[in-house]
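Basis for what follows: all heavy atoms, side chains included, without hydrogens, waters or symmetry-related copies.
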Amino acid sequence: MKKTSLLRLILKSVFGAILLAFLMGVIILSLVLEPSIRLHGFSNLNSSKLEAKRINTVYLDSKGEEIFSSRNFRYAFLDDVPHDVKNAFIAIEDKRFYEHDGIDKTSVLRALYQNMKKNSYSQGGSTISQQLIKNTHLTGEKKLKRKLDEARLSVALERKYSKEEILEIYLNALYFAPGIYGAGTASRAFFGKEIDEINLSEGALLASIINNPSRYNPYFNLDNALKRRDLVLGQMKKQGFINESNYIEAKNFEIEIKNISSIHSHYLNYVRHNAAKILKISESDVARRGVIVKTNLRQDIQFDNFKSFEDNIFENDTVYKVIIICNLTGDIVNVFSNSKRNITNLKRQPGSTLKPVLCYAPAIERKIALPITPIKDSPMTFGEYKPRNYRGQYEGWTTVKESLANSSNIVAVRLLEMVGVNSAKKYAKAAGVNFAQSDNSLVIALGGLRYGNTLTEIAGSYLPFANDGKFISPCVIESIKTHDGKYLYKREKTEKQVFSPSTAFLMREMLFECAKNGTAKKLNEFDEVGAKTGTVGSQLGNTDAYSIAFNPNFTIAVHLGGYEWNDTRNITGGGVATEMVREILRILTPLVTNEFETPDSIVQKSIDMREHTKNHKIVFANDKTPIRNRGYAYFVA
């Protein structure tokens with residue numbers, strides 16, 4: 001009996017201690033979760049992070065016309081959201097939304113049980129309020145302290161805002177796909193409709209995406225999205241939001257994904273990137289800033305015919321990007337691509353595209369060479385560096401002009417060595433080309449850069465050749481202002497004289513030859529078009545192909561490749577890349593209004609071609625030089 005009494009006493013004491021600990025835990029947890037009690041290390045509710053601007057950001061083209069884009073943020077007022085659409089989100093994400101105070105205790109207990117079983121914090125039992133707090137206030141780490149912070153803020157959210165306000169904020173903060181935030185934006189992006197025009201089935205599809213925007217993106221994974229939509233519809237029926245008839249009709253509705261991303265989506269990606277840097281905010285926040293962004297896009301230049309051309313020439317996995325710049329202003333008037341990713345800042349090895357600005361133009365500017373200068377194109381060693389020409393082809397004695405047309409690697413390296421790497425880089429940097437600190441060897445003559453360049457940098461480096469030696473930094477944004485007219489940014493155009501007008505003229509003449517008879521000869525139908533191609537690869541195959549061209553008004557740059565640096569494919573700069581430039585030039589040529597002019601500093605003189613060919617010397621012709629031996633070349637007076 002004594003042992004039994006002692007055991008009962010012990011059990012009673014243990015049970016009492018456990019109960020006391022439990023009660024103390026509940027009290028402590030209640031204090032921790034009470035947002036009105038300030039605790040060190042815990043966050044406070046920040047209304048500015050919740051309340052999206054109800055005025056949409058607007059993008060205008062060069063003429064002030066609005067640029068339509070499915071990704072332009074579209075604020076959705078709750079009164080405009082159909083009841084079925086609201087209920088779809090509630091049914092799948094938070095069925096007790098109208099009952100809890102920010103924390104669904106039933107779901108929390110269930111999640112806690114699952115977490116204890118798995119010894120992790122993977123289950124959260126998140127309410128709509130908690131999701132909203134997590135997406136706007138906290139990081140995605142799965143730690144107990146962050147979950148407690150989330151719960152505190154969720155309670156504070158529910159005390160400050162009504163359920164309808166919370167739901168409206170939530171619907172406008174959701175992420176659906178790259179560049180697509182908010183249910184109003186997603187409705188336009190996926191269905192081409194305003195939010196008040198979509199039906200039950202479409203609303204259920206939107207609600208299905210947010211669980212895993214990558215897995216359920218209807219652009220790329222429509223089957224997955226439809227299966228998830230059916231799950232949403234099933235939950236709506238189970239919870240009494242819809243009846244059997246509604247369920248069957250919505251499930252059988254054939255959803256049409258418009259994929260109406262603007263043909264200018266890549267241009268707007270570029271605009272958002274630059275606007276974010278100017279305004280010092282994230283790219284996703286640009287859409288919610290509620291500003292008017294005046295761009296340099298020219299919507300009057302139509303590339304509809306080019307679309308049918310591109311469909312017939314690419315391997316399935318070949319990605320292209322095109323940029324078109326106005327020579328005189330530096331305005332980027334168009335950017336387009338077939339990429340499914342945002343490749344605004346994609347850097348690739350530039351190959352031979354840097355030869356004009358890095359090797360040839362500096363040599364002419366420094367009076368080291370002229371287009372007519374004889375130069376040897378044969379295998380050479382530069383210290384330990386042994387460059388080779390493409391396919392091991394060498395011209396022997398040639399001219400600087402012909403070596404550029406044929407894209408000789410040997411001559412490019414020789415000229416860079418003559419100018420000096422540091423001196424040559426100064427010219428290229430002044431023309432907008434960026435280098436890493438380690439890019440200090442002759443390898444850069446052939447585009448061997450540590451990080452590579454963006455297509456904008458490469459295209460911009462040709463502007464001085466088309467613009468009398470002047471460089472203007474390529475730009476997509478003219479101004480940013482508020483809807484009440486206050487300017488937040490206004491572009492200031494500055495010109496930089498990188499090369500003399502005479503050097504620009506001589507470079508044009510050489511690049512004209514490249515377009516007529518050189519690696520870009522597929523452009524020989526055009527007059528006054530200069531061009532240069534570039535191919536990057538190895539013995540395993542080619543990874544990148546470029547074609548850069550300009551006429552008196554525009555500079556066009558095309559890049560072909562893959563997403564990864566080592567993706568190889570059957571591409572060359574003089575092949576499909578130049579064919580693309582040709583198609584674009586056919587569209588742009590009728591718009592050309594300018595002409596190239598010859599500077600007063602350029603003179604044409606007669607030379608003795610026999611001396612030039614036989615002895616590789618530039619000797620001016622005189623009265624005794626036979627007419628048959630006379631030729632003409634440009635010189636700087």
Can you find a pair of side-chain heavy atoms, one from [X] and one from [Y], that are under 4.5 Å apart?
X: D196; Y: V81; answer: no
X: H100; Y: D94; answer: yes
X: K86; Y: L78; answer: yes
X: Y451; Y: F435; answer: no
X: I180; Y: Y175; answer: no

*Verify side-chain contact (heavy atoms from CB on, under 4.5 Å) between I278 and I477, making sure each step is shown before the conclusion.*
CA-CA 10 Å; I278 291 169; I477 298 177; 4.2 Å; yes
*Using the test side chain to side chain contact (heavy atoms under 4.5 Å, CB included), find all partners of N434 that sit at least two apart in sequence or belong to another chain.*
E457
Taking [X] for its side chain and [Y] for its backbone only, find out whether a donor-acceptor pair lies under 3.5 Å.
X: S461; Y: V433; answer: no
X: E197; Y: E194; answer: yes
X: T555; Y: N327; answer: no
X: T185; Y: R74; answer: yes

*Can the ring centres of Y75 and F77 be said to be less than 6.0 Å apart?*
yes
*Is the F97-F89 ring centre distance short of 6.0 angstrom?*
no
Residues two or more places apart in sequence or in another chain: which of them pass side-chain hydrogen bond (donor to acceptor under 3.5 Å, both in side chains) with [X]?
X: T344; value: N342
X: E66; value: none
X: Q239; value: Q235
X: T136; value: none

_Test of understanding: with ring-ring contact (aromatic ring centres under 6.0 Å, His included), list the residues that count as partners of F253, not counting sequence neighbours._
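So F253 forms no ring-ring contact (aromatic ring centres under 6.0 Å, His included) with any residue.
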*asked:* My understanding is that only residues two or more places apart in sequence, or in another chain, count here; which of them pass ring-ring contact (aromatic ring centres under 6.0 Å, His included) with F220?
replied: none
*M236 vs L200, side-chain contact (heavy atoms from CB on, under 4.5 Å): CA-CA, chis, key distance, verdict*: CA-CA 10 Å; M236 292 182 74; L200 168 61; 3.6 Å; yes
Value rounded to 0.5 Å, distance of [atom1] in [X] from [atom2] in [Y]:
X: L157; Y: L50; atom1: CG; atom2: CG; value: 6.0 Å
X: Y161; Y: S47; atom1: OH; atom2: OG; value: 3.0 Å
X: L297; Y: L60; atom1: CG; atom2: CG; value: 10.5 Å
X: I210; Y: L171; atom1: CD1; atom2: CG; value: 8.5 Å
X: I325; Y: N296; atom1: CD1; atom2: CG; value: 11.0 Å

Salt bridge (charged side-chain N to carboxylate O under 4.0 Å, His left out) with [X]: which residues, sequence neighbours excluded?
X: D285; answer: R288
X: E256; answer: K258
X: E158; answer: K163
X: E478; answer: R491

*Taking the six-membered ring of Y563, is the NZ or CZ of K321 close enough (under 6.0 Å from the centre) and on axis enough (within 45°)?*
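Judged by the rule (NZ or CZ under 6.0 Å from the ring centre, within 45° of its axis), K321 is not positioned above Y563.
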*Let me see the working for S126 and E150 under side-chain contact (heavy atoms from CB on, under 4.5 Å), right down to the final yes or no.*
CA-CA 9 Å; S126 293; E150 177 187 294; 3.7 Å; yes
*Is it the case that Y270 and T456 place a side-chain donor and acceptor less than 3.5 Å from each other?*
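Y270 vs T456: donor-acceptor pair found between side chains.
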*asked:* Under a 3.5 Å cutoff, is there a donor and acceptor pairing between the side chains of E93 and Q131?
replied: yes
*May I have all residue pairs that pass salt bridge (Lys or Arg N to Asp or Glu O under 4.0 Å) and include part of residues 222-246, sequence neighbours excluded?*
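For residues 222-246, and leaving out neighbouring residues, the salt bridge (Lys or Arg N to Asp or Glu O under 4.0 Å) pairs sorted by first residue read K237-E244.
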*Might you confirm whether atom CD of E249 has over 12 heavy atoms from other residues, nucleotides or ligands at distances under 6.0 Å?*
no
*asked:* Assess the residue pair I169 and N172 against the criterion (side-chain contact (heavy atoms from CB on, under 4.5 Å)); give the C-alpha distance rounded to whole Å, side-chain angles, the decisive distance to 0.1 Å, and a yes or no.
replied: CA-CA 5 Å; I169 297 169; N172 282 286; over 6 Å; no
*asked:* Regarding D439 and R450, does a basic nitrogen lie under 4.0 Å from an acidic carboxylate oxygen?
replied: no
_With a 4.0 Å cut-off on N to O distance, would you call D300 and R298 a salt bridge?_
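Salt bridge flag = yes for R298 with D300.
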_Let's go through N345 and H273 carefully: what are the C-alpha distance in whole Å and the side-chain angles of both, what is the deciding distance for side-chain hydrogen bond (donor to acceptor under 3.5 Å, both in side chains) to 0.1 Å, and is it a yes or a no?_
CA-CA 9 Å; N345 296 312; H273 172 74; 3.3 Å; yes
